[in-house]
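Comments concern the structure below.
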Amino acid sequence: MFHDVQTISVRYNPFLQEASTMRLPKIPLQDPYVLVDQATQTYFLYVDASSSRESSVAVYQSKNLRDWTGPTKVYTVPNGGWADPCGGATAPEVHLHAGQYFLFTTLRNKKTIIAAAQQAPPRATGTSIWQNQTARSTVIAVADSPLGPFVTTEASSRITDRSLMTLDGTLHTDPDGTPWMVFAQDWVQKIDAVIAAVKLKPDLTEPAAAPIWLFNGAQAPWYLDPQTGAPPGKPPANDLQFVPYAVFAPQVYLTPGRRLVMLWSGYRRHFTEFVQTQATSKTGNIAGPWEQLAPILTGNRGHGMIFEAFDGRMMMILHNHHDQPSASRAELHEVAITEEGVKVQRHRGDLDGVAG
Amino acid sequence: MENRKLSLDFEVPRPSRRDLLRQCGQVALGVAGTGLLAPAQQAPQEVTYPFKTWQLNGQDAYIFADPGTKTYYRTTTGAPQVRMSKNLVDWTAPITMLTNPPEDQRWFSTEMPWACEMHTYKGKYYIFYTRHNGTKIVAKSELATETNPYSVWQTENARATVIAVADSPQGPFTGLDNSRPATDPRFMTLDGTFIVDQEGPWLVYCHEWVQKIDGGIEAIPLTPDLRAAAGHPILLCRGSEASWRRRAKEYTQGTAPAINATQSAPYVTDGCEVCRTPNGSLLMIWTGPGGRYSYDEVQAISRSGRVRGPWEQVYREPFMYGNRGHGNLFRTFEGQDMLVVMNRSAQGGKANGNHSEYYEVEISDEGVRVVKHRDDLDGQVGLQFDTKTPPDLYLPPNLVLDATSPAGAAVTYTATAHAWRQGPVPLKASHNSGSTFVIGTTTVACRAEDNAGNLAEESFTVHVKGAGEQIADQLALVQLARPKSEKFKDALNAAQSRLEAGDKAGVRKQLNAFRQLVRAESAKALSVSLTNKLLANAERIAAVIGS
């Protein structure tokens, strides 16, 4: 996320957790992620629960996607690592892989400067650093339960090279079981941000090869669109500098015909509108080639993921009010994963409590 | 474009003005008050062509073939001068085409003009060339911060294409409107060119990467007299769309790994030129430098034949590379389509440095195809194309799927091949998509060949799981629910042992028992979604067992 780390005042209270339920409008969040646990028939909703004193990931639980209990703290950013213990733990997600639960979350350390900003001299060729680049990476932590406690190792907190600003890492598994972390490389570092993938060792504790490039933010489908590609009130041909091509939140799914569809998020209208968009790899290969498709949901909604509910419906959860983080809440939509990409079937306002 | 090396045409040892006039065979008819030559009103007598192509600087050289005079006119970056030739090799001394109007009558300074090109329209001759004014600051650079991340990266100054008209290709040309460019004065643009479609005349230009970071190619409709804009500008494409940037194999910076910490370089757009294909489509060539191609020429096509597009980048290797670009297409008087291109670092020919090269080309809706280098015309070694690159194969990952019958499974997959110099090529596979794969592992060998005979061969495997593997998967799946009862496990283990004993009826019986157990626990110990999967799997396993 390009926003500063969102601080949600969340305290772990074991009595409260058991005693009361709440609806999603009571849970301020961005980057929602739901793990579907067949053992307990429970939905686990992971959120960044960092406060000014510590950075942590918490989970809310529900049996029906409507009524939630929690939060329960499942991971705390440790002291003594590369990450600032107060730097946030964004875009947490948990995957069940080979019998264990793996938490992917993005940590930061603004005190560790990778490259300092330099003003470009006249007619520079672009090698100047546009803004300060600081430490930011997705880490992988493991636990035996969806409730944690999740722990990282030295290697698993260094999946990508420390020179890289990475975020929003997720797990993708080839049909033969080969695991990958698919992640975004930050626009702060690249200007034209990158979606990349790194093959992991089977236990997800370290990379198995160098990362590969999947696509760039500049490939988003809207930049030539007269309505959505340009700043509000301007045509696509205008006098303004392009804003950086940002990419966030890759999530990869298999279609029935063995293509891949990737959810990802970015900005249209000159960084004023966050959208949930998608791309497809028709070969089914994570290496692509990736072809961009039309956005799925717009209007400052995004960073979504898809899960199969216990009733067999495919659901997409994502956050709204991206431009106003304190107002961001989860939305739930029934979707279909087709050969032509993800289609929204209907909004489930009955579940998420969001009007419209 | 960055770091233009402005060694100029007029830096070439040149004759005095008197010599020049004599060479051109013209009487010195100065146009009163302009200091310019009069148009060649009389047929030149004794025109001499003392300069060879390789003696001339090639910076942004443009060739205009004038059918009326059967003469080639060559313009470049530098002072607005033109040279003439009858054969593309031998050139006259430069003739000044126009002079700067007085300072209070022009928006631009006397800084070096760029990229002059010539067109004819409705019986008149026009030059399009880029002027600047370093003292007119459009936006000042400021350091980006976290709270101001979209700051102006570089200081931007006035720069735009100026259009001038004359009755003769030798001039004298007069600026149509020296007070302001046809484009918005806040736009920092360059390398404007001219094309007419059914809507009328257009100025097509590059929008500076200095202003945009991701440089653009844009177009603005012109009034019938080309004096001003007749509408709003439109965006045709961006530098980031250069075909090679979309190919994973090009996504490296030198020897760095594909994913590295280096900030993306700005995406430069240079030297756009538009022509019409025999089919009526518009073809645009442009320079999209970077990567291993250095300065290079890529292309885009508008199959509607309209400037408004939609424009589609031709997904192929740049048709010129190795520090070559900013070319233009013209047709010789013999009817041969020709590309003249700037080689910014020519070596090994008759002269090193920045020089023009000529290539015979074919223009079609497939794009520009380079047929032949004309060293007889340019004295250079020319581009040695890498014709050894095998096609790119895009294959599925190794597939693992479930058999649906004793025969295995019908497997559909997508695999394609693309020859980087040529375009899509057919892919041949040992097992076609949609064919039935037997239980077990099958290697699918894929191959594709390009026109030059380069062969690419790769393979992937298809593993079709038989009943035994599927029963094991089924057990793992039901265990996800961590059922308290062992009955699911017992039924599946029994099915597995019946399978090993070759007892099909026994397997079916156990699978039926399993199905009943699952149904009984649906929405109880097992979720509906898990139940549905387990039942579908059990049915499929029974089908794999066969009767």
Side-chain angles (χ1 to χ4, degrees), chain A residues 2 38-39 41 114-115 117 119-120 122-127 129-133 161 163-164 174-176 185 188-192 194 196 210-213 216 218-219 223-224 229 235-237 239 241-245 257-259 271 282-289 308-312, chain B residues 2-3 138 141-146 149-150 152-155 184 186-187 207 210-214 216 218 232-235 237-238 240-241 245-246 248 251 257-261 263-267 394-401 412-416 463 480-482 527-530 532:
Chain A
F2 89 99
Q38 293 288 353
Q41 290 185 49
I114 297 170
Q119 195 154 6
R123 304 294 300 168
T125 52
T127 48
I129 304 298
W130 200 14
Q131 52 180 291
N132 275 348
Q133 301 173 7
D161 190 88
S163 68
L164 304 178
D174 280 340
D176 67 1
Q185 190 182 2
V188 171
Q189 182 165 54
K190 298 302 283 188
I191 299 182
D192 187 2
V194 175
I212 61 169
W213 170 86
N216 283 54
Q219 291 182 31
Y223 288 105
L224 298 183
D239 60 313
Q241 184 173 281
F242 269 101
V243 290
Y245 295 121
R258 281 183 292 278
R259 293 177 177 186
F271 245 116
K282 287 181 177 164
T283 60
N285 200 319
I286 192 67
E308 185 182 4
F310 292 119
D311 62 5
Chain B
E2 74 273 41
N3 298 331
V138 177
S141 79
E142 50 186 347
L143 195 61
T145 63
E146 197 159 346
Y150 325 130
V152 173
W153 200 13
Q154 308 222 6
T155 296
D184 185 325
R186 291 170 300 182
F187 284 28
H207 201 142
V210 173
Q211 182 166 56
K212 303 298 288 186
I213 298 184
D214 191 357
E218 298 171 356
H232 295 292
I234 57 171
L235 178 62
C237 69
R238 298 160 297 153
S240 57
E241 293 173 51
R245 295 189 189 277
R246 301 285 163 99
Y251 199 77
I259 302 303
N260 59 55
Q263 187 172 280
S264 319
Y267 297 129
Y394 298 116
L395 304 187
N398 291 332
L399 296 175
V400 178
L401 37 96
T412 56
Y413 64 85
T414 301
T416 57
H463 180 78
L480 283 181
R482 295 201 194 134
S527 70
V528 173
S529 63
L530 190 59
N532 292 345

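Numbered from 1 within each chain, the chains take letters A, B, ... in sequence-line order.
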Original post:
Given the rule in the side-chain contact (heavy atoms from CB on, under 4.5 Å) test, do Arg238(B) and Phe242(A) qualify, once you have shown the distances and angles that lead to the verdict?
Top reply: CA-CA 11 Å; Arg238(B) 298 160 297 153; Phe242(A) 269 101; 3.6 Å; yes
**OP:** Kindly indicate, with the supporting measurements, whether the criterion side-chain contact (heavy atoms from CB on, under 4.5 Å) is fulfilled by Gln263(B) and Lys190(A).
**Re:** CA-CA 4 Å; Gln263(B) 187 172 280; Lys190(A) 298 302 283 188; over 6 Å; no
Original post:
Please walk me through it: do Leu224(A) and Glu241(B) pass side-chain contact (heavy atoms from CB on, under 4.5 Å)?
Top reply: CA-CA 11 Å; Leu224(A) 298 183; Glu241(B) 293 173 51; 3.8 Å; yes
Original post:
Which is it for Leu164(A) and Ile259(B) under the side-chain contact (heavy atoms from CB on, under 4.5 Å) test, yes or no, and what are the steps along the way?
Top reply: CA-CA 8 Å; Leu164(A) 304 178; Ile259(B) 302 303; 3.8 Å; yes
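You'll find the side chain of Tyr223(A) stays beyond 4.5 Å of the side chain of Leu235(B), heavy atoms only. The side-chain heavy atoms of Ser240(B) and Gln219(A), taken from C-beta on, include no pair separated by under 4.5 Å. Under the 4.5 Å side-chain criterion, counting only non-hydrogen atoms from C-beta, Asp192(A) is in contact with Tyr267(B).
Partners of Tyr413(B) by ring-ring contact (aromatic ring centres under 6.0 Å, His included), not counting sequence neighbours, listed by chain and number: Phe460(B). Listed by chain and residue number, Tyr43(A) satisfy the ring-ring contact (aromatic ring centres under 6.0 Å, His included) test with Phe310(A) (two or more places apart in sequence, or in another chain).
Looking at Arg245(B), the atoms closer than 4.5 Å to chain A (heavy atoms on both sides) all sit in the backbone: N, CA, C or O. Proximity to chain A is absent for every atom of His232(B), based on heavy atoms less than 4.5 angstrom apart. Contact annotation for Asn216(A): only side-chain heavy atoms (C-beta onward) come within less than 4.5 Å of a heavy atom of chain B. Neither the backbone nor the side chain of Ala210(A) comes within contact range of chain B, judged by heavy atoms closer than 4.5 Å. Looking at Gln211(B), the atoms closer than 4.5 Å to chain A (heavy atoms on both sides) sit in the backbone and in the side chain alike. Interface remark: Ala287(A) contributes no atoms to any contact with chain B (heavy atom separation under 4.5 Å). For chain B, no part of Asn132(A) is nearby; none of its heavy atoms comes within less than 4.5 Å. Contact of Gln189(A) with chain B is made through backbone and side chain together, with heavy-atom distances under 4.5 Å.
Looking at every heavy atom in both residues, Pro397(B) comes nearest to Pro175(A) through CG-CD, 3.8 Å. Between Ser527(B) and Gln38(A), the shortest heavy-atom contact is OG-OE1, 2.7 Å. Taking every heavy atom of both residues into account, Ser163(A) and Ala261(B) meet most closely at O-CB, 3.3 Å. Residues Ala237(A) and Phe187(B) approach most closely at O-CZ, 3.6 Å, considering heavy atoms.
Judged purely by distance below 3.5 Å, without hydrogens or angles, the side chains of Asp214(B) and Tyr245(A) pair a donor atom with an acceptor atom.
Interface summary for chain B: among Asn285(A), Ile286(A), Ile191(A), the most heavy-atom pairs under 4.5 angstrom belong to Asn285(A). For the set Val138(B), Ile234(B), Asp184(B), Leu395(B), the count of heavy-atom pairs under 4.5 angstrom toward chain A peaks at Leu395(B). Each of Pro289(A), Gly257(A), Gly312(A) has some count of heavy-atom pairs under 4.5 Å with chain B, and the biggest count is that of Pro289(A). The candidate from Arg258(A), Glu308(A), Gln185(A), Gln133(A) with the greatest count of non-hydrogen atom pairs under 4.5 Å with chain B is Arg258(A).
Residue Ile213(B) holds its CD1 atom at 4.0 Å from CD of Gln241(A), rounded to the nearest 0.5 Å.
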